[in-house]
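Proteins come first, then strands; the chains are lettered A, B, ... in the order of their sequence lines, and each starts at number 1. Small disclaimer: the values here were computed from a predicted structure and weren't measured.
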Number of protein chains: 6
Amino acid sequence: MNQKAIYAGTFDPMTLGHLDVVERAAKIFPELVVAVVAETGKNVLFSQKERVDLVKKSVKGLTNVKVTLFDGLLVEYARAQGAGVLIRGLRAFSDFEYEFQMALTNRRLAPDIETLFLMPKQDYSFLSSTNVKQVASLGGDVSEFVPPAVLAALTRKLKR
Amino acid sequence: MNQKAIYAGTFDPMTLGHLDVVERAAKIFPELVVAVVAETGKNVLFSQKERVDLVKKSVKGLTNVKVTLFDGLLVEYARAQGAGVLIRGLRAFSDFEYEFQMALTNRRLAPDIETLFLMPKQDYSFLSSTNVKQVASLGGDVSEFVPPAVLAALTRKLKR
Amino acid sequence: MNQKAIYAGTFDPMTLGHLDVVERAAKIFPELVVAVVAETGKNVLFSQKERVDLVKKSVKGLTNVKVTLFDGLLVEYARAQGAGVLIRGLRAFSDFEYEFQMALTNRRLAPDIETLFLMPKQDYSFLSSTNVKQVASLGGDVSEFVPPAVLAALTRKLKR
Amino acid sequence: MNQKAIYAGTFDPMTLGHLDVVERAAKIFPELVVAVVAETGKNVLFSQKERVDLVKKSVKGLTNVKVTLFDGLLVEYARAQGAGVLIRGLRAFSDFEYEFQMALTNRRLAPDIETLFLMPKQDYSFLSSTNVKQVASLGGDVSEFVPPAVLAALTRKLKR
Amino acid sequence: MNQKAIYAGTFDPMTLGHLDVVERAAKIFPELVVAVVAETGKNVLFSQKERVDLVKKSVKGLTNVKVTLFDGLLVEYARAQGAGVLIRGLRAFSDFEYEFQMALTNRRLAPDIETLFLMPKQDYSFLSSTNVKQVASLGGDVSEFVPPAVLAALTRKLKR
Amino acid sequence: MNQKAIYAGTFDPMTLGHLDVVERAAKIFPELVVAVVAETGKNVLFSQKERVDLVKKSVKGLTNVKVTLFDGLLVEYARAQGAGVLIRGLRAFSDFEYEFQMALTNRRLAPDIETLFLMPKQDYSFLSSTNVKQVASLGGDVSEFVPPAVLAALTRKLKR
């Protein structure tokens, strides 16, 4: 029985939707690793260090949650960490095709690692990092969408 | 941390897709209850007792799996059992609307109980009990779709 | 410019999701008819009279909303009423196929009548009458899902 | 190379959408069998004989199209007919889950028979037999939805 | 009752699908603003001025329609304009996830502004600006896809 | 009756999913052209020549299959080749919106050419070229995802 779980993502930046998934997963699994993807191949607003720091500040207080930076294939990282479960948030507005394709690819590469989907709080179902950055960059108020540390960082970043 | 999980369904009859979900969940959760819905409000081919027996025969050997019959509201049954996790199989061909609606209704009724979705083996993604009964009733071979005990029972049932 | 709108449904019974659609539409359109389908071809829990009464009690106070019972083709009823707009609630968990098929059929039958979709409050996105009846019949608490008058009626109905 | 194709359905009754699929398929495949399902397990408006007759009248003039009645498992019927292709119409409003599940079940039962999907004319994408019967039974004009023979039969049937 | 409506988009360039939405909305709402997004963050083929001009030429004759250029957050622009309704075209081939996410984000930012979806003419359901530009750039005939002014502009633009 | 079929794509690089579609189509249609899109407008990993070569090596032995490079509008290329059928693979995880939009655009541009969809083997339903390149670039084993010639080429390409 392998109950170490990994929740991986770019977290550019972490939203309240991500945080909600972390909190739910941390209630079920004894050990949860939030793994921040180092190289995303996409333009990111926040650096690796910033993304990790913002996740760390946001999950502070959840004692069974660890935040790491990782590179390479997720399933190999999971194995190296001794984790048997990958967590994904599945929103009503998720890109199911992408989620399923990724889960099946991962299963093919590592049949011993299981992907579990959970639903974030309904209030956050429309939230995405892209969304948050877009609204913030247009001057909209995102204080209800992100943890306080992220709000402060976004404000600083977009002021420059 | 509540790691007792429930996988509920009509199981009329259990398919290899259901069994695959049970096996995957039993690798992650220390205790798994397969809960057979007593009153389905639908026409069933197999009686309550038959459905429970066929699930029991199919999951034999999985030592952390218990099979029960239940009636009433699933979340209340989960609470009575002391379970904190509901398991659902999510196939590429699932009825997402139905699955999400049920998960959200259950969360509203019992915020302390989490629904987790996992993907059955790709080979079984097209399988459903309805499907199996239809093919079998038309004389098709369903030996690749159901556990041996179910195959035998289906053959007996449809011969009559 | 025809701004008389119709919101039709079985309302067996009206939920807070339906009521939310009515309230939103009533803020946009000067006249809104909530049209209760008389013959549904399905088994209904509440009689025609009961369904109309429960809608009436629920929308009381909305001065530009009228509740009626109708039979026959919706677009012909709309024309008879002099309405140019059909309102539909579109939830994340809607059956889009059904909604679109109905809207296109109606447009084909009556090109002068437009279907407008609006989204009910996110909190109610999982709600449906079927859902409510099922939970209530299993003894679940549906007080957060339906208007007070409907709650009372459901309690009376299911006690019998 | 097996180019004999089968297009199976309940055809209760045939719509212009079905006819469009037949016409498109008949341009590609040298032999096309339109196979009317005898026992549907659902309430049908038209008898087996009526459904076959209405399809026959509708496809008259298409010299490479044959209309038959069949019972049992579709893939076995296809084999008995020496057909290697099953045709399905895939509308924007199709029930993909159902279509894919059926296609995969059929492939599992008969790997030598291929399901090909084609899109009916966009104008007919909202059409279904259920739809047509519903509109017609409520007194709506369905002359743009069905072939002339079906229109006449519907009118007679619903008058009674 | 706020019946001023806004239909916003990049319109790079306007298609007959967009125009159809404008015409339908202009029949329902007394005032309609077609708001062209100034900065799109994407590569555009047509400049701000060109996009506005092409929309203006296309909607000429619709006396209750005004065309504007806007920058920043749509809901704030709507408020500044005194508009209470946002119009979106919802095609069978829409990206529902995106549409719903945007509508819910907007509702969260401005609960007083309602998003209404309407369906463009079925014939235009496959149309998108991207689509039109791609076909035109490959030398295909797009005269059935765009208003005359846009066709002329596309021809000039792609000749260069 | 026009039975010459075209299966077009970027093939950057060909996967076992693509190859499966080719093999299935080659069993149904007497002549099949696999048409490699020359200019994709996207960043490609493999050059035109490499993509064509890898397809050629992969389909070797299928005597009714020809591999070509093409530029411009697909339907015009099809006409120039005298082909009447376009083949598309439709996976459970396909982007239906994109597939349908493309098929309808093509039908509008060339009503005489029919798009037929077929389902690749279930095992390959999660496969895409993007997917394969991503896994390979992260050092994952893709030998079960691509034909041998592509595996060798990927290894060489990514080593550099």
Measuring from atom [atom1] of [X] to atom [atom2] of [Y], what distance do you get when rounded to the nearest 0.5 angstrom?
X        : Y        : atom1 : atom2 : result
C:Glu114 : E:Leu116 : CD    : CG    : 11.0 Å
C:Gln3   : E:Lys27  : CD    : NZ    : 14.0 Å
E:Leu118 : C:Phe117 : CG    : CZ    : 9.0 Å
E:Arg24  : C:Thr115 : CZ    : OG1   : 9.5 Å
C:Phe100 : E:Leu90  : CZ    : CG    : 4.0 Å

Given heavy-atom pairs under 4.5 angstrom as the criterion, report whether the side chain, backbone, both or neither of C:Arg88 touches chain E.
neither
What part of E:Arg108 gets within 4.5 angstrom of chain C, counting heavy atoms only: side chain, backbone, both, or neither?
neither
For C:Gln134, all residues meeting side-chain hydrogen bond (donor to acceptor under 3.5 Å, both in side chains), sequence neighbours excluded
none
Which residues share a salt bridge (Lys or Arg N to Asp or Glu O under 4.0 Å) with C:Asp141, sequence neighbours left out
none
Closest non-hydrogen atom pair between E:Arg107 and C:Pro120, with its separation:
NH1-O, 3.1 Å
